[in-house]
Amino acid sequence: MIFKGKVFKFGDNIDTDAIIPARYLNDSSEENLKKHCMEDADESFSSKVSNGDFIVAGNNFGCGSSREHAPIAIKSCGVPIVIAKSFARIFYRNSFNIGLFILSADTDGIENGDVLEVNTDTGEIKNQIKNTVISAKPIPKFMSELVNAGGLIAYAKKKIKEGKK
Amino acid sequence: MAKPLTITEKIILNHTDLQEISSGDIVNARVDLALGNDITAPIAIKEFFAIGVDTVFDGKKIALVPDHFVPNKDILSAKQAKMMREFAKKFNIENYFECGEAGVEHALLPEKGIVLPGDLVIGADSHTCTYGALGAFATGVGSTDLAYAMAFGELWLKVPESIKVIFEGKPKKWVSGKDLILYLIGQIGVEGANYMALEFTGSTFKHLGMADRLTISNMAIEAGAKSGIFEPDEITENYVKSRAKRDYIFYKSDEGAEYVKVLNYNTETINPQVAFPHLPENSVDIKEASAKNIKIDQSVIGSCTNGRIEDLRIAADILKGKKIAKYTRLIVIPATPDIYRMAEKEGLIDIFMDAGGVVSTPTCGPCLGGYMGILADGERAISSTNRNFKGRMGDVTSEVYLANPAVCAASAILGKIAGPDEVVS
Ligand code: SF4
């Protein structure tokens with residue numbers, strides 16, 4: 001699939017407390033999570049982001065807690081893909097499980113406000129402002145099956161239907 | 001001859017139908033225990049019902065522990081706890097704990113013998129890796145994973161590569177498991193073990209008990225690790241034998257098993273550590289931290305990292321007969337009801353209260369900035385917890401320094417970050 005959108009750029013070690021602070025975890029509704037998404041990293045993020053925009057970051061994005069509220073908050077904002085140099089493990093797994101695309105790539109040349117065209121099948125990331133192309137690391141086959149199925153729950157339902165469970 | 005395997009590979013292999021296994025494989029593994037808490041279980045419960053199965057795979061192999069916001073801090077968190085309670089009732093979840101029986105999950109489950117050596121445990125909480133201290137494979141996952149595991153009793157896992165971490169020598173006075181793990185994270189960084197299993201070994205651990213091992217495994221995730229495991233030994237046996245209500249297996253790594261790297265440290269050169277804001281990798285020697293004259297507003301002793309009875313005893317030793325500094329708050333949170341009771345019987349609660357501290361019932365509370373000790377703007381805390389991310393304990397401009405309970409106690413007395421040697425002779 002091809003996605004096009006504007007970049008919100010963040011640095012290294014953006015932790016789950018920055019993505020969705022624990023003070024809001026007494027309510028797991030999408031509206032609540034969306035409203036406070038990225039609040040402790042950029043207070044105005046949720047008011048500026050629009051459907052289809054990307055979050056781009058440095059190393060170790062999503063480190064910290066296992067809270068699935070973090071990728072859900074990002075997905076609820078309409079962000080289809082997070083691109084970072086590397087991801088913390090639980091965030092990585094949660095994202096695929098809920099159907100949010102995660103791409104690992106060298107994001108150094110990407111800046112806030114750049115416009116990207118991202119092909120999730122080939123991993124090609126075109127920067128339309130800087131006229132550059134970078135490629136993301138390929139996604140393991142099982143992981144893309146998961147995302148393409150719509151996440152782990154949809155995948156489980158499919159398995160039940162096929163009589164495998 | 002079969003390929004030599006690490007303890008981690010062996011445990012995972014024995015929870016699959018496969019004949020062999022290699023790190024990097026994505027496998028379906030059977031789980032012995034699936035865990036959720038009052039923050040992660042509500043999402044898991046919603047997802048569970050979305051799958052469309054009639055019941056959970058096994059009500060004995062699920063643990064639901066309300067600990068983050070209980071006794072409930074507000075209406076919304078009460079609703080989340082209610083959702084868990086109703087789910088537990090409906091599906092007869094054996095390991096569901098109501099308030100007075102509940103404690104911080106990762107302190108409670110080992111204490112009650114619910115997780116045992118050789119188990120494969122997944123938990124919708126990042127510090128599920130704590131149980132590696134018992135020689136179990138235990139890893140944190142998300143709520144959707146928990147839903148899937150509650151439905152089917154299995155979960156997809158990537159078999160991790162392992163890093164062997166060897167600590168040799170006897171720890172100095174006041175040096176605990178907390179200091180070793182802070183030191184290690186300082187050396188390898190918060191991403192130093194990303195996706196990998198840390199395997200701890202070496203002569204140092206003959207001198208440290210289960211509480212220290214639990215603290216070390218607990219913070220494996222702060223180096224990005226998937227798990228942090230110890231090979232079980234007599235210390236493990238002594239800890240589990242009176243608690244276990246079912247069989248358990250001691251696994252060991254094979255001679256010749258493959259490691260991505262082997263790290264060697266001399267424990268005798270390591271001093272108590274303090275991790276500066278806002279990452280656990282910012283650890284420095286206590287002497288260096290103390291010399292900076294860093295005033296604190298609050299000291300927290302508790303959590304799944306350092307809220308066990310051994311931690312409270314150390315803190316009480318230092319606080320006995322002393323007062324904490326004026327305008328400084330000391331918050332002590334025994335991690336489980338049993339620990340609370342022991343602390344009471346041993347007179348530790350009196351010591352904390354006489355010193356001017358407050359003692360809370362078991363909860364995560366301030367550790368994740370939930371309640372029971374939230375920091376205002378610009379305030380600074382020293383804490384025996386495991387994370388010091390920006391805003392972790394309150395306002396985004398507040399700061400958290402991580403240390404062992406002895407350092408937290410000494411700092412409360414002096415109102416500044418200080419080592420225990422500065423207050424006791
Ligand atoms: S004590 Fe802190 S780290 Fe441990 S489970 Fe609770 S919130 Fe998480």
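Sequence lines set the chain letters: A, B, ... in the order given, protein chains first and strands last, and positions in each chain run from 1. Everything quoted here is computed from the prediction, not taken from an experiment.
With respect to D17(A) and R387(B), no salt bridge is recorded, no charged nitrogen being found less than 4.0 Å from a carboxylate O.
In terms of non-hydrogen atom pairs under 4.5 Å with chain A, the most contact-rich of T139(B), D74(B), V141(B) is V141(B). Of all the listed residues (N13(A), N26(A), D27(A)), the one sharing the greatest number of non-hydrogen pairs under 4.5 Å with chain B is N26(A). For the set S86(A), C63(A), P71(A), A70(A), the entry with the most heavy-atom pairs within less than 4.5 Å of chain B is S86(A).
The backbone N or O of G140(B) sits less than 3.5 Å from a side-chain atom of R89(A), completing a donor-acceptor pair. With hydrogens and angles disregarded, a donor-acceptor distance shorter than 3.5 Å links the side chain of N194(B) to the backbone of F87(A). In this structure, E68(A) contributes its side chain and T144(B) its backbone to a donor-acceptor pair below 3.5 Å. The closest donor-acceptor contact from the side chain of Q80(B) to the backbone of L25(A) lies under 3.5 Å.
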- [ ] Take F389(B) and D40(A), measure what side-chain contact (heavy atoms from CB on, under 4.5 Å) needs, and give me the verdict at the end.
- [x] CA-CA 10 Å; F389(B) 301 149; D40(A) 284 359; over 6 Å; no

- [ ] Applying side-chain contact (heavy atoms from CB on, under 4.5 Å), run through F142(A) and K158(B) and close with a yes or a no.
- [x] CA-CA 11 Å; F142(A) 172 74; K158(B) 191 164 151 198; over 6 Å; no

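When heavy atoms are compared at a cutoff of 4.5 Å, D145(B) approaches chain A by way of both its backbone and its side chain. Neither the backbone nor the side chain of I374(B) comes within contact range of chain A, judged by heavy atoms closer than 4.5 Å. For L146(B), no part sits under 4.5 Å from any heavy atom of chain A, backbone or side chain. Proximity to chain B (any heavy atom under 4.5 Å) is restricted, for N94(A), to the side chain, taken from C-beta onward. Both the backbone and the side chain of I51(B) come within less than 4.5 Å of a heavy atom in chain A. For I39(B), the parts lying near chain A are the backbone and the side chain together; criterion is any non-hydrogen pair under 4.5 Å.
For K130(A), the NZ atom sits in a packed shell: over 12 heavy atoms of surrounding residues, nucleotides or ligands are nearer than 6.0 Å.
For residues 62-73 of chain B, heavy-atom neighbours of chain A at less than 4.5 Å comprise F69(B), K73(B), sorted by residue number.
The CH2 atom of W156(B) sits 8.0 Å away from atom CZ of F96(A), with the distance rounded to the nearest 0.5 Å.
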